[in-house]
Amino acid sequence: MTATVEQSQTRFSVRAPRAETVWLCLFDSGQERRFEMACSGPGWEIVLPGNLTGVTYGFRADGVWAPERELWFDPAKLLVDPHAVELDRPFAYDPRLSIYGADTAAIVPKARVTGPLPEAPPAPPYFTRGGLIYEINVRSFTMLHAQIPEAQRGTVAALAHPAVIAHLRKLRVSAVELMPIVAWIDERHLPPLGLSNAWGYNPVVPMALDPRLCPGGVAELRDTVAALHTAGIGVLLDLVFNHTGESDVLGPILSFRGLDNDTYAHAPDGSLINDTGCGNTLDFANPAVRALTLDSLRHFVRHCGIDGFRFDLAPVMARSPGFDRHAPIFAEIAADPLLADRILIAEPWDIGPGGYQLGAFPANWLEWNDRFRDDVRRFWRSDEGVGALATRLAGSADIFGKGPSRSVNFLAAHDGFTLADTLAYEHRHNHANGEGNRDGHGENFSWNNGVEGPTDDPAVLAARAAFARAMLGTLFVSTGTIMLTAGDEFGRSQRGNNNAYAQDNELTWIDWQARDLALEDHVAALAAWRSDRCGHAAAFPEDGRWLTPDGAPMTAELWESPSTTGVRWQHDGPDGSEPARISGFAIDRAGPHAGPCAEPLAGASGAQSA
């Protein structure tokens with residue numbers, strides 16, 4: 001950490017290689033005390049007497065103000081420590097954050113000196129490849145949960161509540177994947193619309209926990225992780241190392257921009273590279289950026305016991321500026337004793353040149369597979385035949401190669417339609433976002449089953465219910481690691497909003513009272529079946545046969561025919577003839593039906609056995 005308590009003194013350091021003067025600013029009862037720091041190479045240091053644990057602080061930096069030359073030194077700006085792990089308040093957007101000479105000490109969060117932090121007991125990751133990852137937005141998941149104490153709702157601590165853990169165990173969750181819990185700031189266009197960022201994909205510094213989600217700081221996260229581990233459930237953090245909330249040249253000056261603007265990637269003409277769509281891009285060709293990233297990952301493992309990470313817009317981490325599948329960050333993570341065994345998951349695309357890199361990450365990384373999502377939706381919508389579907393079910397070897405699959409298969413994620421909305425809306429309905437319904441994906445491979453949105457028509461409702469079970473069955477029989485977004489197991493809807501990042505309200509808060517318990521029980525039965533066969537789920541077993549839904553051998557003509565409604569896969573026994581044990585699945589659009597075919601799903605409403 002930048003603020004380090006050493007017996008009877010506290011050392012502060014910060015990187016600001018092009019600054020002319022840097023001050024440490026300590027705060028006590030609203031009063032600011034400034035201490036000029038000494039330059040030491042690209043960094044600045046100062047040692048103050050005493051143990052300053054609990055004290056809040058920030059930095060100010062002076063130098064040339066010349067934005068046209070990418071120099072943004074303004075001593076009026078209080079700057080957050082890039083290595084901060086706890087803040088005294090959340091970030092809040094204010095126009096003064098972008099105005100030269102406007103003092104921001106009253107409106108910028110201060111970092112808190114934490115002193116030496118306890119370490120989580122070292123242990124292998126709580127996760128098994130082929131298992132179920134459960135994607136959670138901490139706030140929306142817990143805000144309306146009646147069994148969680150009201151004061152605890154919306155926080156990381158709520159995830160340790162027995163009712164939450166019981167739900168996760170019912171679904172046989174291998175690991176929860178927490179959408180960003182690092183402190184973020186609203187995009188500047190949201191406050192005038194009366195909206196706020198509900199997802200957190202706009203961080204300022206990479207380690208500081210958001211006080212709204214984690215008011216107990218590092219200890220709250222560590223205790224929650226320990227409780228989940230006791231239940232056999234791993235914890236993955238969704239982290240954003242592709243851009244920061246300082247945004248484009250009109251964005252706020254909060255940390256890096258006022259200390260070391262070379263943190264951001266620039267084109268030859270000096271303009272900011274925007275490979276993220278968020279205004280700026282972190283420069284992973286810069287060793288200092290990679291070092292801070294590694295420090296952040298180590299912090300979450302060492303002090304919180306985190307089992308792994310999902311990296312948002314991960315190609316940015318391998319850009320310099322083009323994507324390089326042998327980028328230094330991959331080797332640096334692999335060589336680190338704390339990080340080498342962690343679960344690493346890439347969202348393998350960004351919007352920069354050559355930004356779609358599905359299948360290009362290292363062999364020990366997992367990758368979000370949007371091809372699985374789209375091909376499964378297109379099959380059930382009757383857009384394509386069984387060939388592409390079978391490839392996805394068998395682990396997407398066309399993308400990842402043979403052997404244990406690196407695919408993370410999913411039907412829906414936080415970004416896009418929920419599973420229920422995929423079956424109830426053909427078009428996005430994002431008017432509440434204030435962007436004229438132009439934001440979000442235009443093509444979702446969705447279908448409404450005859451009525452756009454809510455309906456009382458029993459035939460439409462029955463069709464949607466059947467397709468939901470069939471699609472979930474498809475997910476649970478697939479090879480690879482699978483991911484379920486919280487609430488999709490019981491019919492969560494966002495009323496057709498497929499980009500609900502700015503909806504911190506009942507549109508995104510999960511309604512636990514209205515959940516479809518029959519669907520939830522069906523998913524639990526699928527999860528129990530898969531959990532018993534996790535080894536088969538990680539790598540597609542080759543000792544089996546592809547059959548038609550009624551058991552006839554598949555032929556080339558049947559594979560290619562658009563009239564083939566489904567497929568069955570049967571795992572035979574050791575001698576390849578009469579099997580000692582049959583394990584397999586059947587998928588048929590004519591049902592619609594998808595699921596295990598060896599035995600019925602006990603307790604699953606509407607489940608079928610082929």
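If you're wondering where the values come from, they're calculated on a predicted model, not measured in any experiment. As a basis for the values below, the full set of heavy atoms in this structure was taken, side chains included, without hydrogen atoms, waters or symmetry mates.
Residues His429 and Glu452 are in side-chain contact: their nearest non-hydrogen atoms beyond the backbone lie under 4.5 Å apart. At least one side-chain heavy atom of Arg464 sits under 4.5 Å from a side-chain heavy atom of Thr455. Within the 4.5 Å cutoff, no side-chain heavy atoms of Met143 are placed close to those of Asp504. Side chains of Thr548 and Leu558 form a contact here, defined as non-hydrogen atoms less than 4.5 Å apart. The side-chain heavy atoms of Asn242 and Asp350, taken from C-beta on, include no pair separated by under 4.5 Å.
Distance alone, capped at 3.5 Å, is enough to place a donor-acceptor pair between the Asn430 side chain and the Asp439 backbone. In this structure, Asn449 contributes its side chain and Val460 its backbone to no donor-acceptor pair below 3.5 Å. With hydrogens and angles ignored, the 3.5 Å screen pairs no side-chain donor or acceptor of Arg515 with any backbone N or O of Glu520. Under the 3.5 Å distance criterion, the side-chain polar atoms of Thr564 are left unmatched by any main-chain donor or acceptor of Gly566.
The two residues Arg406 and Pro362 have their closest heavy-atom pair at NH1-O, 3.3 Å. Taking each heavy atom of Leu159 and Leu228 in turn, the nearest pair found is O-CD2, 3.9 Å. Across Gly200 and Pro180, no two heavy atoms sit closer than the pair O-CB, 3.3 Å. Counting all heavy atoms, side chain and backbone alike, Met317 lies closest to Thr293 at CE-CG2, 4.4 Å. Across Asp370 and Leu358, no two heavy atoms sit closer than the pair OD1-CD2, 4.0 Å. Across every non-hydrogen atom of Gly480 and Arg530, the tightest pair is O-NH2, 2.5 Å.
When the shell of 6.0 Å around CD of Glu150 is examined, it contains 12 or fewer heavy atoms from other residues, nucleotides or ligands. With a 6.0 Å radius and a threshold of 12 heavy atoms from other residues, nucleotides or ligands, Asp456 has its CG atom at or below the threshold. For CD of Glu426, the number of neighbouring non-hydrogen atoms (other residues, nucleotides, ligands) closer than 6.0 Å is greater than 12.
In this structure, Phe417 CZ and Ser446 OG are separated by 4.5 Å, a value rounded to the nearest 0.5 Å. We find the CE-OG distance between Met179 and Ser140 to be 7.0 Å, quoted to the nearest 0.5 Å. The structure places CD1 of Ile510 at 10.5 Å from OG1 of Thr418, a figure rounded to the nearest 0.5 Å. Taking CG of Asn497 as the start and OG1 of Thr508 as the end, the distance is 9.0 Å to the nearest 0.5 Å. Distance check: His161 NE2 to Arg153 CZ gives 9.5 Å after rounding to the nearest 0.5 Å. For the atom pair CG of Leu171 and CD of Glu489, the computed distance is 5.0 Å after rounding to the nearest 0.5 Å.
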Evaluation steps, side chain to side chain contact (heavy atoms under 4.5 Å, CB included), between His229 and Asp307: CA-CA 10 Å; His229 282 175; Asp307 299 281; 2.6 Å; yes

Full working for side chain to side chain donor-acceptor pair (under 3.5 Å) between Asn433 and Glu435: CA-CA 6 Å; Asn433 297 350; Glu435 299 182 45; 5.7 Å; no

Test side chain to side chain contact (heavy atoms under 4.5 Å, CB included) applied to Leu411 and Arg373, step by step: CA-CA 5 Å; Leu411 302 171; Arg373 176 199 63 199; 5.7 Å; no

Test side chain to side chain contact (heavy atoms under 4.5 Å, CB included) applied to Arg139 and Trp509, step by step: CA-CA 7 Å; Arg139 184 167 167 82; Trp509 296 350; 3.8 Å; yes

Ser382/Arg589 under side chain to side chain contact (heavy atoms under 4.5 Å, CB included): CA gap, chis, key distance, verdict: CA-CA 8 Å; Ser382 298; Arg589 228 168 16 211; 3.5 Å; yes

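A centroid separation of less than 6.0 Å is found between the aromatic rings of His414 and Tyr201. Proximity of the aromatic rings of Trp365 and Phe311 is defined here by a centroid distance below 6.0 angstrom, and this criterion is met. Taking the six-membered ring for Trp, His167 and Trp512 have ring centres closer than 6.0 Å. Less than 6.0 angstrom separates the ring centroid of Phe323 from the ring centroid of Phe361. A centroid separation of less than 6.0 Å is found between the aromatic rings of Phe410 and Trp368.
Screening Asp210, Ile181, Val176, Thr224 for a side chain to side chain contact (heavy atoms under 4.5 Å, CB included) with Val138, the sole residue that qualifies is Ile181. With respect to His243, the side chain to side chain donor-acceptor pair (under 3.5 Å) criterion is satisfied by exactly one of Asn280, Asn274, Asn202, Thr281: Asn202. Tested against Leu393, the residues Thr474, Thr479, Asp375 include a single side chain to side chain contact (heavy atoms under 4.5 Å, CB included) partner, Thr474. Of the candidates Val567, Thr565, Asp550, Asp588 forms a side chain to side chain contact (heavy atoms under 4.5 Å, CB included) with just one, namely Thr565.
Cation-pi geometry between Arg381 and Phe445 is not satisfied (NZ or CZ under 6.0 Å from the ring centre, within 45° of the ring normal). Taking the centre and axis of the six-membered ring of Trp184, the NZ or CZ atom of Arg212 falls inside the cone set by 45° and 6.0 Å.
Between Trp546 and Phe540, the ring planes lie parallel to each other; the angle is under 30°, not in the 30° to 60° tilted range. In this pair, Phe467 and Trp380 present their aromatic rings perpendicular. The plane angle is above 60°, beyond the 30 to 60° band.
The side chain to side chain contact (heavy atoms under 4.5 Å, CB included) test applied to Arg188 returns Tyr93, Ser247, Asp248, Leu250, not counting sequence neighbours.
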